[in-house]
Structures are given as C-alpha cells and as structure tokens.
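In what follows, a single structure is set out as structure tokens and then discussed.
Chain letters run A, B, ... following the sequence lines, proteins first, then strands; residues in each count from 1. What's counted below: heavy atoms across the whole structure, side chains too, no hydrogens, waters or symmetry copies.
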Protein chains: 2
Amino acid sequence: MEDVIRSLGFLCLGSRLKRIGEQLQADTQRVLDRLDVPVQSSQYPLLAALDRLGPLPVGELAQALGIAQPGITRSVALLAEPGLVEVSRSNNDQRRRIVSLTRNGRRLVDAAKRDVWPGIEKAVADLCADLSGPLLDQLAAIEDGLAVAPIDRRVRNAVGAV
Amino acid sequence: MEDVIRSLGFLCLGSRLKRIGEQLQADTQRVLDRLDVPVQSSQYPLLAALDRLGPLPVGELAQALGIAQPGITRSVALLAEPGLVEVSRSNNDQRRRIVSLTRNGRRLVDAAKRDVWPGIEKAVADLCADLSGPLLDQLAAIEDGLAVAPIDRRVRNAVGAV
DNA sequence: TGACTTTACATATACTGTTATATATCATAT
DNA sequence: ATATGATATATAACAGTATATGTAAAGTCA
C-alpha cells in the first residue's frame, strides 16, 4: 500500500513531520516509563526548561517551549498535582505566576539527566547520524530506521535491559 | 529567550518535529481557507489519498496515511457531514466500508489541485530548497524561514493575492 | 483620580491522535 | 447448522495542542 503522505512530498510535509514526531514521542515514552513517575514524555521539555533556566512565569515558559500559553497552564497543573512543580505569585507583579521545580521535581530531573536522557539522545543521534542530503530523503531514512528498530529498542540495546 | 526545544537537540527531536509540523499545517490552513470549504488542512491528505488511489476501505486508508484506524473513522465522519465523501458497504464483504469522493468532494479536490496545492508545494519546496547538511541544521533553517515568512505569505507572494 | 488599554493567566471548546474494547460480519471446523 | 475464531469497523476514554474568550492586575494618560 502506497504511503500517500510520503508520496506527496513537500505538499504534506507538515503532516509528515507531525507523524514522525509523534512516533518519536511514543517511542520515548516507553523508555521514560522505566522511571515509573506519572509524567508523559511531552512534559519533559517543560521540566528541562525549568532545569536550564530556573523558575519562570507561565508566559516565558510558553516562549521557551514554543507552544501556546494554555498548553503551559495545563501542563503545569498536571505536573503540580504529583508535586513535581509548584507555583507562586510574583512579588513585583501579582498577575505573574512563577513556576519552579519542587524538591521531588529536581530529583526526577536529576535522575532523568543521569540515567535516561543520555541514552535517548544517543539513540536519536545515531538514528540521524549518517544522514545527509535533501530533507525529504533524510526523513525517509528516519522513518525506515524507526520501522526497523524504534527508539526504545535502540536505547535498550545500547545500555542493556533495565 | 532561549528556545529550549532547539537547545536540547536530539533529545527533543520528537517535540520539535511535531511543533514544526503543526506550524506548517496552521500556515497551510490559512491558504486553504480561500476555498472556503469547511475542511481542516489535516483532512486534505485523506482526500488526496482517495484522489490518488480511488475508493478505499477504512483500513486501507489508515495504512495509506500511516495513522490509526479510529482516526480514519472519525475523519471520514467529519468529511461525510459536508458531503465531500460517502461510504458504502462492500459487496463482497459486508464488514468493509468503502470510502469514496462525492461529486462535491471531487470538485473540491480538483479545485485544490489546480489552484492551491501547486502554490503550497512550491512554497514549501522553496523553503527547503537550499538546505543541506545535518538534520538539526536544516530544521533550524526551516524554523527561521517560517519565522521570517510563513507559508501562507510565501504562497501569496508567489501567485499574487486571490 | 478615573477611564481606557495592555498584559498575564485561566477556562471553554474544538480538533487530532492514541489505545482499549465492543459489535458485526466472515471463515472455518465440527 | 452451529459454534469458534478472525477481521473490519465503530465507539469510548484519554492526552495533547490550538483558538477564542473571560478575568484580574498593571500601566497610561487626561
């Protein structure tokens, strides 16, 4: 069966990037599940942003992550429930709500940085390592590579079963 | 403000691809709105699949588009409501539901193929034309290019305002 | 000071995708 | 013919994102 998205080339590039991105996230989810913390793979960029940049108000988190503000509000609520982040009002400006990692949140980020993220980064980097040339060719190679072995299996192979 | 997703490189490649894909779809949406038909940009791949491959059952549409079957079922329902596609039972196998373009659906696809798709494809192709080298660099160039001029503006510049 | 605008965030709704499960039809074996 | 298993699709529940809109705080200017 023809892969229509692929055949359509640049016309469907948006759908194709989204599809690959979703597959990468789903693969990564299976790796992160090992930490058995109730956090979706898509929430980690927010934690990483707080780790890199320190406490931030909602709006600046939206900027840093390139997603819309309502998405941040909801993610923060999801992460606050298990106590990974906490929110406090700014002193200067009572409208701003500053998001920061809790002690548990910091512990999770540190564990992820030490035990999981390097493996994921390496697996994805290897997947893309030999690629060169036109974008569409590289995307096809990634799709083919993921079909052969998804990210979670590449990570497992690299670091040994956990 | 630092773009954390971009800084994290391969670790967040999934989030990044998804983000770029969604932006491309949103830009494209604004171009397609000229046809003023109640169809989301993300539905066009399904219409294009029916155009390329002819009437197809739900399961084969899922394969052709690389998304899960329930997604197809719902998209078909959405497209059937404004009368762009119709569904009939297979003669051989009463379980299979064959999706096909209606007369209006075909008219829409033909108009899109003639008036809109070529401009979009060219705009995206130009955006990606000069790219070469590592994937992350190409993605950064695409993001920068879209920030300078989104797809819908590139299309408008190319073909003149409609 | 009081009215208007802007900013920061929350909430509501819609769209798309997923997995899990239910239902209907087909194929097959007794 | 009928029970059993496989297959095709629908439905439900859940997660993520987007836009639109509401609310409250801050800023601006007569």
Practice task
Would you mind checking if D51(B) and R106(B) are paired as a salt bridge, meaning a charged N to carboxylate O distance below 4.0 Å?
Solution key: yes
Exercise for the section: Take the protein atom CZ of R30(A) and the nucleotide atom P of dA15(D), then report the distance between them rounded to whole Å. Expected result: 18 Å
Exercise for the section: Return yes if a side-chain donor-acceptor contact under 3.5 Å exists between Q94(A) and S90(A), otherwise no. Expected result: no
Practice task
Using the closest heavy atom to pick a nucleotide of DNA chain D for each, name whichever of S42(A) or D93(B) lands nearer the 5' end.
Solution key: D93(B)
Problem - d(CZ, R89(A); P, dA25(D)) in whole Å - result: 7 Å
Practice task
Compare the minimum distances between each of dT9(D), dC9(C), dT7(C) and the side chain of V58(A), then state the nucleotide with the smallest one.
Solution key: dC9(C)
Fill in the blank from the handout: Residue pair I72(B)/E22(B) against DNA chain D: nearer the 5' end by closest nucleotide is I72(B)
Problem - Contact under 4.0 Å: Q69(A) side-chain N or O vs dT19(D) OP1/OP2 - result: no
Fill in the blank from the handout: Comparing nearest nucleotides in DNA chain C, the 5'-proximal residue of the pair Q25(B), G59(A) is G59(A)
Handout entry: Out of dT9(D), dT16(C), dT11(C), whichever nucleotide has its closest atom nearest the side chain of T73(B)
Key = dT9(D)
Handout entry: Sugar-phosphate, base or nothing in reach of Q43(A), heavy atoms under 4.0 Å
Key = sugar-phosphate
Completion exercise
Q94(B) has its side chain closest, among dG17(C), dC26(C), dT19(D), to dC26(C)
Handout entry: Candidates dT25(C), dG17(C), dT9(D) - which lies nearest the side chain of R95(B)
Key = dT25(C)
Show me the donor-acceptor pairs, under 3.5 Å and distance only, between side chains in residues 133-144 of chain B and residues at least two apart or in other chains.
from, atom 1, to, atom 2, distance (Å)
Q138(B), NE2, G133(A), O, 2.9
Q138(B), NE2, G133(B), O, 3.1
E143(B), OE1, R6(B), NE, 3.1
E143(B), OE1, R6(B), NH2, 3.1
E143(B), OE1, R16(B), NE, 3.4
E143(B), OE1, R16(B), NH2, 3.0
E143(B), OE2, R16(B), NE, 3.2
E143(B), OE2, R19(B), NH2, 3.1
D144(B), OD1, R6(B), NH2, 3.0

Handout entry: Polar side-chain atom of T102(B) near backbone of E86(B) as donor-acceptor pair, under 3.5 Å
Key = no
Handout entry: Nucleotide dT7(C), atom P - distance to CD of E60(A) in whole Å
Key = 14 Å
Problem - Length of the line joining L24(A):CG and dG17(C):C1', which is rounded to integer Å - result: 15 Å
Handout entry: Residue R96(A), side-chain atoms from C-beta onward, closest of dG16(D), dA8(C), dT9(D)
Key = dA8(C)
Problem - Options dT16(C), dG16(D), dT18(C), nucleotide nearest the side-chain atoms of K18(A) - result: dT16(C)
Problem - Interatomic distance, I20(A) CD1 vs dT16(C) C1' [rounded to whole Å] - result: 17 Å
Handout entry: Distance in Å, Q23(A) CD paired with L146(A) CG, rounded so as to fall on 0.5 Å steps
Key = 4.5 Å
Practice task
Using heavy atoms to find the nearest nucleotide of DNA chain C for L78(B) and P70(B) separately, return the residue whose nucleotide is more 5′.
Solution key: L78(B)
Practice task
Please state how far atom CG in L79(B) lies from atom C1' in dC15(C), giving the value in whole angstrom units.
Solution key: 13 Å
Practice task
For R19(A) and dG16(D), give me the distance from atom CZ to atom C1', rounded to whole Å.
Solution key: 19 Å
Problem - Rounded distance (Å) that lies between atom P of dC14(D) and atom CD of E81(A) - result: 14 Å
